[in-house]
Colleague: 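I'd like to ask some things about the structure below.
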Amino acid sequence: QRRKIVRGFIYRLNRPQYSARAAHEIPQPSASTSNCSHDFSLSPFSLAAASEEPDADGSVLFGHLQGTVVGLRYYSGVVNQGEMVGLVRQPQNQYDRNAVMVANIYGNQVGHIKRELAAAMAHVMDNNLAKVEGVVHSGTKNSFTMPLMLSFWGKEENQNTVKENMARRGFKLNTGGGKATGTKPNALQHPGSLLKNAFDNLFDGLMESEDGEKQAAEAVGTPLLPHQKQALSWMCARENKSALPPFWERRGELYYNRLTCFSAKEIPERVRGGILADDMGLGKTLTTIALILTNFHKGKPLPVEKCVRVANEFFSDRRAVCLASAIIKCLCTCVCVRRCLYTFFFVCSGVDSSITESADDLSARTTLILCPLSVISNWLDQFEQHVRANVKLNVYLYYGAERNRSKAFLSSQDVVITTYNVLSADFGNKSPLHGINWLRVVLDEGHVVRNPQAQMSKAVLDLKGQRRWILSGTPIQNSVKDLWMLLAFLRLKPFDAREWWNRVIQRPVTQGDRAGLQNLQTLVKCITLRRTKGSEVNGRPLVAMPEKTVCVEQVELSQSEREEYELARNEGRNTIGRYVTEGTVLRNYADVLAILIRLRQHCCHPDLLSKTSLDLGAAATPAEMRERLIEKLRFVLASGSDEECSVCLDSVRLPVITHCAHVYCRPCIAQVIGTEQETARCPLCRSEIKTNELVEFPQEEMEEEKNTNPDKWRTSSKVQALMGNLLRLRCEDSSIKCLVVSQFTRFLTILETPLREHGFSFVRFDGTLSQKKRTQVIQEFQSPAADGPVIMLLSLKAGGVGLNLTAASHVYFMDPAWNPATEEQCIDRCHRLGQTRNVFVTKFIVKGSVEENMVKIQKQKQDLVEKAFGCRNPDRKTSRMDEIKALMEL
DNA sequence: ACCGCCGGGTGCC
DNA sequence: ACCGCCGGGTGCC
């Protein structure tokens, strides 16, 4: 009797609506009696649990098992023929701590796994020995129990443990045929070139011209280019039209998802928004501003106050904008001042209250824009530039210690701009941003939120907004995995839960299933608009782009340079060869890197070679050890070798160095140590590591030692090659501006001497520049003044993606980069919208040197990344090894 | 649940 | 009557 009461209670909790199955038990059944649909009243527990889902990468199928779902009659969740279900452990279940709950895709509970089987599975699941997935092939009309096909997936090394564990309890895993994986078994399991091409083209041809063009609202002062009108039209349509999300179709009374076989009575929640993935320079910011002003509620423009009469007031507003923009620019500049930032808001006019609809849906007014700090000033500038001067648009910069945290205030604005960092700092701390239901949330440079573990990602996913947009020129950085974050933000159901993403998309794709890839393509296509600067519409280029010519100029070393180089090379080859035979390359990774850098420096200029020894060998005291590690870290960072953190596989942020001399992001390695506790080992070389042994780079030290004595200056073959080019170019056309790019900032310093000698006026741009200086330098370089600088010495990795250097039309790469994409990005800084001349790129490569090998590897590496995209770059370490061997011709 | 299981009623054919 | 058989009550974890 008591049990019954409890059950009834749960039962009511789980079913806010009476579903069909309950009809016979309830005196007054609801109108619908369809038995194969789901109500959308979601039980809250499911998605939260599912989003903790780990990666499916590298999982192996252990086998299948026919199981039974029981207790169907107690729950409202229903499943269709072929539908995938989720299995969730319920260790707190009062009747059986081995309980395994079965839920459909929307998280509605269907039933439980039969007790005996659950007992066997619990051990496997709790110890993460395998991930168990279920698909229902039959019995969906059953009232009490139904058969369920289970598949066990996991790491190869756990396969036997799992099989034995299951067998011990009388459940034999079936390793035969490939049925029941969720997706229908599809031909051509071939991860070769087909896949590679398909992924390459994933974001290609996503132009949607059927939408036609849309005129921007009057308040937009800048006339839109045709492709921008197209984008505006597309964005408005995505916000307003109620098209079914990808893979959903109407089947009679129901909506049906053909991938997961899930069906629902109500129209599935559609995604109002998407990914605007246009190449940079095509005007994503302008288009977004136009969207904000043009598409308020029901396709009407945002009601904005116009002030025609009071010119004075208007000017003061304008001035406020300029002031704000200027202050931001200089505040963003130096790291140390950031803390003292204070807030200000501008154009703070009274709230336009012409929209007073009480309906929840219509009360939202504000668009929240999130962006990296570096592009805030760009947004402010663009609002100023593109919004008609007589229009009062309330834009609030939510930044700085004094920011106004009032929800009422924030939600009365038209636009609130803030940074990802501010958002994640606020997150979990009574964040007002998370308490507002925004009209629209826009993630600018959306690819920066990518690591789902990161606090920032969680903060972003937790935002409430009716419409959601991601702006990004490069939506995928490395792999399919990157896409999950984007889909999760867009709330593209059911893929916002990791389990369904992994099962339906990520695993099939990484395992080379063509259908999986097709699905991914469909998915992306539905929500993305992407044009590149080379795109054409009706045979006409989107925007006229001047041509780009890339050539390699081989440089011969002088005899003495060659002798020095060979000496260093042989020495390095011996050392690395020894590491290779000993199998200690990774343990000595910093040394290997140092050797390679030295060789590359030899190719550029002999004076680049740092005199500091990198020998860690005999560090007497801890202080000494620390000093040497800092030295090493400095060396690794200053050389601009594009170090990536082996944990997050991204460029290192907040770099720290371990005692075994490997560089990671502090948060990444801290997490590794946190999870492994005392047994923590360096992910690269497996040496023991401890938190208190991590050495940080002292912030103040970022600037480098200057004063290479000009008296002692000497030239090098590469310097000669460059100067030859520059002088010739000046004769031909003295108005042409050039970028001279190197990874070695010291090389840039060396180059200053001959430039001065030959009377070139130049500027220098590298990572050590404060933000304020940056804008100054760029303005100076971009300015068409006759006596302005004609050359910019540019360090390869300096500056963000948005850097605009269109004044230059010639680019000289003094040394090759590990990562060809970095070079491409650099070229794109001048070969972009606004470039009027043809662009010429020259790459200097020393003949018969490590540089030539680097170029070869660049190509191979690109192939490799594309082939293995998605897998967690499984052989990253070994491929690094191969790289090193190839570089040294071992 | 058109089952299995439990436990009470029952007991030649 | 320490069994078998019958038929009603009952039923996830």
Side-chain angles (χ1 to χ4, degrees), chain A residues 1-27 29 33 35-36 38-39 41-50 52 64-81 83-152 162 165-166 168-171 499:
Chain A
Q1 190 63 21
R2 204 167 136 249
R3 267 173 67 175
K4 234 181 168 171
I5 291 165
V6 170
R7 206 184 283 141
F9 177 62
I10 293 172
Y11 163 91
R12 236 171 274 121
L13 259 186
N14 278 346
R15 324 157 135 224
Q17 290 182 8
Y18 298 145
S19 80
R21 185 169 283 147
H24 65 276
E25 300 171 20
I26 288 164
T33 49
N35 195 33
C36 50
H38 309 280
D39 46 45
S41 44
L42 307 183
S43 39
F45 56 88
S46 57
L47 286 184
E52 301 295 321
H64 302 293
L65 181 64
Q66 178 86 246
T68 311
V69 189
V70 295
L72 298 186
R73 68 153 145 164
Y74 299 102
Y75 308 100
S76 62
V78 245
V79 289
N80 289 304
Q81 197 86 206
E83 186 170 330
M84 303 192 296
V85 293
L87 302 169
V88 183
R89 277 280 289 117
Q90 286 185 327
Q92 303 300 336
N93 188 297
Q94 58 174 310
Y95 305 106
D96 181 2
R97 54 186 182 81
N98 292 324
V100 176
M101 182 195 90
V102 180
N104 69 22
I105 290 178
Y106 271 68
N108 293 346
Q109 180 161 8
V110 175
H112 279 106
I113 293 290
K114 211 169 150 53
R115 197 180 199 109
E116 299 76 18
L117 178 54
M121 283 165 59
H123 178 256
V124 169
M125 293 172 81
D126 293 347
N127 293 293
N128 263 325
L129 297 171
K131 168 97 189 75
V132 192
E133 299 179 354
V135 183
V136 177
H137 291 293
S138 63
T140 51
K141 297 260 187 329
N142 295 3
S143 313
F144 304 98
T145 67
M146 62 165 78
L148 174 68
M149 186 53 85
L150 300 170
S151 5
F152 289 66
V162 169
N165 175 75
M166 294 306 290
R168 209 176 327 119
R169 293 169 183 265
F171 298 99
E499 167 159 17

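Per chain, numbering begins at 1; letters A, B, ... match sequence-line order.
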Colleague: Over how many whole Å does the gap from A:Met101 atom CE to C:dC12 atom P extend?
Modeller: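 Roughly 17 Å, once rounded to whole Å.
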Colleague: For B:dC2 versus C:dC13, give the span between their C1' atoms, rounded off to a whole number of Å.
Modeller: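 25 Å, rounded to whole Å.
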Colleague: Out of curiosity, A:Thr68 OG1 to A:Phe144 CZ, how far, rounded to the nearest 0.5 Å?
Modeller: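 Answer rounded to 0.5 Å: 15.0 Å.
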Colleague: Looking only at heavy atoms, what is the nearest atom pair of A:Pro147 and A:Val136, with distance?
Modeller: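 Looking at all heavy atoms of both residues, the shortest contact is O-CG1, 4.1 Å.
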Colleague: In whole angstroms, how far is the C1' atom of C:dC12 from the CD atom of A:Gln94?
Modeller: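 Nearest whole value for this atom pair: 12 Å.
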Colleague: Mind checking who C:dC12 pairs with, Watson-Crick or G-U wobble, both distances under 3.5 Å?
Modeller: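 Answer to the pairing question: none, since C:dC12 forms no Watson-Crick or G-U pair.
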Colleague: Using the C1' atom on both, measure C:dC6 against C:dA1 and round to a whole Å.
Modeller: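 So the two C1' atoms sit 15 Å from each other.
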Colleague: What are the two closest heavy atoms between A:Ala122 and A:Asn98, and how far apart are they?
Modeller: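 Result for this residue pair: CB-OD1, 3.6 Å.
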Colleague: Is C:dA1 in the syn range, within 90° of 0, or in the anti range?
Modeller: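 Syn for C:dA1; the angle stays within 90° of 0.
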Colleague: Do you know which two heavy atoms are closest between A:Tyr75 and A:Gly111, and how far apart they sit?
Modeller: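 In terms of heavy atoms, the two residues are closest at CD1-CA, 3.7 Å.
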Colleague: Is any N or O donor-acceptor pair between the side chain of A:Tyr74 and the base of C:dC13 shorter than 3.5 Å?
Modeller: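 Check fails, no donor-acceptor contact within cut-off.
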Colleague: Is there a stack between A:Phe144 and B:dA1, judged by ring centres under 5.5 Å and planes under 30°?
Modeller: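 Yes, A:Phe144 stacks on the base of B:dA1, since the ring centres sit under 5.5 Å apart and the planes are within 30°.
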Colleague: Distance check, P atoms only: C:dG8 and C:dC3, in whole angstrom units.
Modeller: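 Roughly 25 Å separates the two P atoms.
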Colleague: With a 3.5 Å limit on both atom pairs, tell me what B:dA1 is paired to, counting Watson-Crick and G-U wobble, or say none.
Modeller: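 Checking every strand shown, B:dA1 finds no partner, since no pair has both distances under 3.5 Å.
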